[in-house]
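Down below is the structure, laid out as structure tokens.
One-based numbering, in listed order, for ligands and for the atoms of each.
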Amino acid sequence: MRHSILDSPIEYLKGVGPLRGDMLKKELGIFTYRDLLEHFPLRHIDKTAVNTISSISLQTDFIQVAGTATSVEMIGEKRAKRLVAEIRDSTGYLELVWFQGINWVQKILHVGGEYLVYGKVSFFNGKPQISHPEIEPKTTAILEGKNFLEPIYPSTEKLKARALNGRQIGKLTSAMLAQVAERDIPENIPFHILDKLKLVSRYKAFCDIHIPRTLLDYEAAVNRLKFEEFFIAQVRLELTKLRRHKSSKGVVFEKVGNLFNAFYNHYLPFELTGAQKRVIKEIRADTAQGHQMNRLLQGDVGSGKTIVALLCMLLAADNGYQSCMMAPTEILAQQHYNGLQELLKDMPVQVRLLTGSTKIAERRKMHAGLADGSIHMLVGTHAVIEDAVQFKNLGFAIVDEQHRFGVAQRAQLWKKAVIPPHILVMTATPIPRTLAMTAYGDLDYSVMDELPPGRKPILTVQRNEMQRASVMDFVKTELEKGRQAYIIYPLIEESEKLSYEDLMQGYDQVKSYFPEPRYSISMVHGRMPAGQKDVNMQRFINHDTNIMVSTTVIEVGVNVPNASVMVIESAEKFGLSQLHQLRGRVGRGSEKSYCILLTGSKVSNDARERIKIMCATNDGFAIAEKDLELRGPGDIEGTKQSGVLNFKLASLVNDKGLLDLAKHYAAAVLQADEELVHETNAPLRHFLVSQKGKTAWSLIS
Ligand code: ADP
Ligand code: MG
């Protein structure tokens, strides 16, 4: 391929050189001209707008004014030393202050001189002031004819010290743009789409996002580049999916056999819901095709994903294949294992549990059994994907509660068999649809939007510290009825030690409300050895204890249908999906269940909003949408690792309309021309080829 000027090392650019070049690499990851091109401005200063000083109000944020310096003085001693200046226009006075870089300012700032000043206004003793404003002599500004929007870039303290502040980086950008021609930034969206959506060319967009002539030009540039981000991401995901459907070989599950049928007819403890039946059909159809299935199963908490997984494992066994199921925690893996063992106890199926705490001798035996095929199903934690674990013929892998697993770990599973196993990824709580379609857009998608019958909605309330005694009394009345309760403490992210202390304090407090021997309490936390965790968990499951005190290790998947109360301490510290997930631990039996959100004295607005939503709805899909709105996609659990979501400009929350358009056009393009061989798709094809490594390329040779 032709060498592009954009691939030039950044130090070649006029005004950069080796020293500043190194700084740009270290501080901003700018190695080439292209990186600089993609380092977008934070904002623009409207050089055309000069405001009067009297127009400054408490609401003013950034402002540009022009005036004459009336005083320039050094004030204070040593560390408190600062340069204070005053400028005046025909309407008023404004104070300017510098604590650093004073020498430089003193060189250009003189009483009587006229200046253009730009900065963020603050108020000090009721008077407006700008500290560290950008300042330049008015004459130069006018002489240089900067009659446009001047870009200000993200920078860092270290770069500022090297004379590369947000504004100076702009000088580099314009020096670079002066050398870049239209053919250096070739189009990548088919022209008919540009035309239809009235999008500006790629070249113009990159010029205008940096140095636009008008605000409209800038907005058009941003819009175009946002669309491009979505469009290219969608095309990539679609291509991956297409490639998989077309060319990936998958094991064929051609029949529903004896194991599946025997279980379905004799051991299934309940009638499946419509949603469960539908999803099993979808999986059945997909695994019979001869390509590898890669499917995301979205279901609300308690919708019964586990039994779906089990039926899939039986289907695999019927077709002579092994299967495995991975859970994010030991507790969960253990529970799945126990559940499976119980359900399958009268069936000729061998199930084993493999976790980090499995003894070496046992592990060896297991490895042998997996390799010779005598073990049919393996349940476990991450331990399952370790290299030492070799299957005879793994045909189906289930990843439960996906958000704890990264994409890379999913990929590990593929290596476990010559033909990659079918993979079913099950989410712990719903992920917003827009996110799911983007983050997991390369997967096929099933939804379980129905809860098993007979569930009573969980009543959720907020209570504060003052009401603690009455909350505990309420818990008592539930325990008297033979129910069980959870009391959950937050994991304090910064400090495991703090979390632990918090939990221990809580435990003592709970003990004083619920004294032995009348009550008994289980406790589980992250620092506990696995064996002890299991014992405590098991005692709660067996109803040997009434109360489970825990940190969020309990969060995912634990199933104790007799538990009817969930008390969440410091509920304001939890995220929405976490709260919903925790709440899902109750309401699993036929009894009326309760979730009590105990809050401290300081509750932020966001936290208040979260709690309000929790009290208002039990619908995990609705909660997921709200969560996305409140937090933005970057923070939604499990999506961080997924590079697909790292859009530079576009936002899944604010640009949903554009996303839909991009999806529509990406699908349309590929539907008409899967191999992208038509002339109209040449720009797109060239771009994707130039981005090799980021795209599943074998489809297009
Ligand atoms: P999740 O989808 O959150 O993983 P589980 O698979 O743990 O949910 O199921 C929650 C509870 O619902 C379990 O006790 C399970 O046995 C029960 N369950 C699942 N499917 C049904 C059904 N069709 N009818 C009645 N109960 C069901
Ligand atoms: Mg589950």
Please confirm whether Tyr594 and Phe474 have ring centers closer than 6.0 angstrom. yes
Going by the order shown, which atoms of ligand 1 are within less than 4.0 Å of some heavy atom of [X]?
X	result
Glu271	22 (C), 23 (N), 24 (N)
Arg455	10 (C), 11 (C), 12 (O), 17 (C)
Thr306	4 (O), 5 (P), 6 (O), 7 (O)
Leu272	23 (N)
Thr273	23 (N)

Would you say [X] touches ligand 1, if touching means a heavy atom closer than 4.0 Å?
X	result
Gly299	no
Glu450	no
Met426	no

When you look at Glu282 and Lys277, which way does the salt bridge (charged side-chain N to carboxylate O under 4.0 Å, His left out) test go after all the steps? CA-CA 9 Å; Glu282 286 167 359; Lys277 285 183 189 160; over 6 Å; no
Anything under 30° is parallel, anything over 60° is perpendicular, the rest tilted; go ahead and classify Tyr267 against Phe263. tilted
In terms of relative ring orientation, are Tyr321 and Phe253 parallel, tilted or perpendicular, with 30° and 60° separating the classes? tilted
Looking only at distances, can you tell me whether any N or O atom of Val301, backbone or side chain, sits closer than 3.5 Å to an N or O atom of ligand 1? no
Decide whether Ser564 and Glu591 meet the rule of one side-chain donor and one side-chain acceptor closer than 3.5 Å. no
Is Arg518 salt-bridged to Glu480, going by a charged N under 4.0 Å from an acidic O? yes
Closest non-hydrogen contact found for Gln335 with Asn559 is OE1-N, 2.8 Å
